[in-house]
Number of protein chains: 2
Amino acid sequence: MDTIDNDELLSIRAAELYYDENKTQDEVGAILKLTRWKVGRLLASAKEKGFIRIEIVHPRARKLTLERTLCERFGIRDAIVVPAAGTQGADDLRARAAQAAADYLASLRPVPRVLGVSWGRTLHDVAEHLSEGWATGVNVVQINGGVSVNQRAGTAAATAFEIARKASGQATLLPSPAILERLETKRSIEADRTVGGVLGMAADASAYLYSAGVAGHDSALVESGYLTPNDVDELVRRGAVGDVVGRYIDAAGMIVDPSLNERTVGLSLDTLRRATTSVAVIAGAGKIPVARAVVTSGLCTVLVTDEATALALLDTGS
Amino acid sequence: MDTIDNDELLSIRAAELYYDENKTQDEVGAILKLTRWKVGRLLASAKEKGFIRIEIVHPRARKLTLERTLCERFGIRDAIVVPAAGTQGADDLRARAAQAAADYLASLRPVPRVLGVSWGRTLHDVAEHLSEGWATGVNVVQINGGVSVNQRAGTAAATAFEIARKASGQATLLPSPAILERLETKRSIEADRTVGGVLGMAADASAYLYSAGVAGHDSALVESGYLTPNDVDELVRRGAVGDVVGRYIDAAGMIVDPSLNERTVGLSLDTLRRATTSVAVIAGAGKIPVARAVVTSGLCTVLVTDEATALALLDTGS
DNA sequence: CGCCGCTCTGCTCATATGAGCAGAAACCAC
DNA sequence: GTGGTTTCTGCTCATATGAGCAGAGCGGCG
């Protein structure tokens, strides 16, 4: 064990009296037999060396410095980072991110007239955290295929309806499976006036709100039966780090399986990249690779994430 | 989810700018369009509600407020509480407590000429954390029986020798098993001039340093072969919360099995209670019950423990 | 051994924040 | 609607802390 110098230990003693006992620097000096100027330097030194940790513990807290650094590093318009401090596990963290996304959505100006939304657990959480009347007259349109083949919360319909209802708007669903087995069938569905109209509406939306899926067996696409676990393993072998609106991308943000992509119904990634406002809500340790792919390949203009993911994104970016 | 009032959210925003961004209260006010006095009140409110957490993260840090409260509540002379912040698991926490115990021992005045010590993992840690020359001329005497029947670190001999060596003193071992099977054999060993002399020296020590054992199967006494797991189960059934210098006590600090106690070699609990300086080092979640028994029944004059144990002791004390 | 350069210190003055007060605003009861 | 009470606000003055400076002290080199 390295011996620490006397000043380091003095700085800890001074910090204990100053922060824990609420003594003034003068009082700390009297107790430790030092001048108040020396005490001030010791406290500054303790802070500089990271021995003092000041955290803001609240469900609505943000990490402003990380937010600014993410914007500068990745050229995105906004970043919202929720802190790790005081969270109890992954669910709490996702709730925090969902709350932050809901707050951001409510603060968007001008209010989006048409909001394109994806579906999944995270989007469901955001819908729940939006307050009643978060806006007025927002029409919500579903941007990736998928109808509820099971009863779990987070279905496309439930999510879109909830967001629209709370904004006194209407929800437009995309009445199509997420992925078709045959390219011809997919083209027929897209050519249908009803589905084609929804896809056109999705393409013209003024803002988008979506999450990303991890490239794993618990993916919503696997649980919904569109892909098998073997399908996902193959996609991972080909470099997939996750999916955005049902489309699997690699670390560079490129489609890993063009054939699968062709059979996938919903907003294209090119259209998403051209959007003026696209809010990606991506939090949790398992989503770091896909978060990185999203921010580095222009797939979002706003990222809502957690502190650990933000630090991971910034750690290897240089 | 309860709606929080606007001031609570404002206080979080203000705290982020003040603590994370290092803005002055004037600057925070300009940004949030508030007066600096309002900002000051918001920050004070955030602190009062516990949204601001200031922690001192250092191996030598202490929790002075908890220490004072423990002394007042339990009437002990000194309490040393090491913080949980920044520790990586139970081993790190025990190392912190051992370091704090070593620091305290080195600061004892007058320097104890004869120090009675117990043995076990915690005492071994303390021995390791003591610095060379922590004192001069301290003779160390073993206060509970037990010779090393296995090779692990923490044996009585190794611990006592290490503490004595670092203080340029001598170690006196107690050449006896911890527990004898027959009362007659125990009495014979105690009557032997050599063992009797060591026990006398132990009874007359100027200070004591010991830890407590949990009442479980991984007890040092079980691992050393003095007791079987069934023996310990029976002791627990009878109310044992742990052992002090090899003697099992209940929540009130009373011996739970007088017959076993009679066959146990070493310092008696009555002698320990009469000591002017007895330092108990008891840290870790599993040791809360025995820590409480020790401090409430006059078995120590100084307690070295961790933050969680301190909070647990104070939580139900009223 | 002396000199030079760097670091540390105590201090003065400026800045930042807190305490307490007076007045305004909000709320409640009649 | 009015009056009284409580809470909140902006402010003044006091206190606490920071910035920058001059001098002391320490260490290294010639």
Side-chain angles (χ1 to χ4, degrees), chain A residues 2-65 67-68 83 85 131 133, chain B residues 2-65 67-68 83 85 131 133:
Chain A
D2 295 327
T3 61
I4 59 174
D5 66 14
N6 196 44
D7 264 15
E8 181 164 315
L9 195 47
L10 264 180
S11 75
I12 298 308
R13 295 284 86 81
E16 286 158 354
L17 290 164
Y18 187 74
Y19 289 108
D20 289 343
E21 304 293 293
N22 280 315
K23 304 285 188 191
T24 67
Q25 292 182 9
D26 259 336
E27 290 169 337
V28 174
I31 294 170
L32 298 181
K33 296 177 175 34
L34 306 166
T35 63
R36 81 154 177 90
W37 302 281
K38 171 76 173 178
V39 170
R41 290 188 168 99
L42 289 170
L43 292 174
S45 168
K47 222 177 195 183
E48 189 189 333
K49 287 174 178 169
F51 299 145
I52 310 301
R53 179 186 295 170
I54 303 181
E55 292 176 324
I56 301 164
V57 184
H58 189 276
R60 298 304 249 280
R62 301 257 300 270
K63 298 298 267 186
L64 301 178
T65 306
E67 292 179 0
R68 190 172 46 254
S131 54
Chain B
D2 295 325
T3 62
I4 60 177
D5 65 14
N6 197 44
D7 264 14
E8 181 165 313
L9 194 47
L10 264 181
S11 74
I12 298 307
R13 293 286 85 83
E16 286 158 354
L17 290 163
Y18 186 75
Y19 289 108
D20 289 342
E21 304 293 292
N22 281 313
K23 304 287 188 191
T24 67
Q25 291 180 11
D26 259 336
E27 290 169 335
V28 174
I31 295 171
L32 300 179
K33 296 177 175 38
L34 306 165
T35 64
R36 79 152 178 92
W37 301 281
K38 174 75 174 178
V39 171
R41 288 189 171 97
L42 288 170
L43 292 174
S45 167
K47 222 176 194 181
E48 186 188 337
K49 286 172 176 168
F51 299 144
I52 309 301
R53 177 187 292 168
I54 304 181
E55 292 175 325
I56 302 165
V57 184
H58 191 275
R60 297 302 248 282
R62 301 257 296 272
K63 298 298 266 185
L64 301 178
T65 307
E67 292 179 0
R68 190 171 49 250
S131 55

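Protein chains get the first letters and strands the later ones, always in sequence-line order, with residue 1 at the start of each.
Atom CZ of Arg36(A) and atom P of dC8(C) are 19 Å apart (whole Å). Atom CG of Asn22(B) and atom C1' of dT15(C) are 15 Å apart (whole Å). Taking atom NZ of residue Lys47(B) and atom C1' of nucleotide dT17(C), one finds them 11 Å apart after rounding to whole Å. In this structure, CH2 of Trp37(A) is placed 17 Å from P of dG20(D), rounded to the nearest angstrom. Here dG18(C) presents its C1' atom at 11 Å from OH of Tyr18(B), a figure rounded to the nearest Å. For Asn6(B) and dC8(D), the CG to P distance is 14 Å, given to the nearest whole Å. Across the protein-nucleic acid pair, Leu42(B) atom CG and dT9(D) atom C1' stand 12 Å apart, rounded to whole Å. In this structure, the CD atom of Glu27(A) is 13 Å from the P atom of dT15(D), given to the nearest Å.
Distances shown here put every side-chain N or O of Gln25(A) at or beyond 4.0 Å from the OP1 or OP2 atom of dT15(D).
Between Asp26(B) atom CG and Thr35(B) atom OG1 the span is 9.5 Å, to the nearest 0.5 Å.
Distance alone, capped at 3.5 Å, is enough to place a donor-acceptor pair between the Glu16(B) side chain and the Arg62(A) backbone.
Both Asp26(A) and Lys38(B) lie near DNA chain D, and the one whose nearest nucleotide falls closer to the 5' end is Lys38(B).
Salt-bridge formation is not detected for the pair Asp7(B)/Arg13(B): no Lys NZ or Arg NE/NH1/NH2 atom is positioned less than 4.0 Å from an Asp or Glu carboxylate oxygen. Between Arg68(A) and Glu21(B) there is a salt bridge, since at least one side-chain N of the basic residue sits less than 4.0 Å from a carboxylate O of the acidic one.
A donor-acceptor contact under 3.5 angstrom links the side-chain atoms of Arg41(B) to the base of dG10(D).
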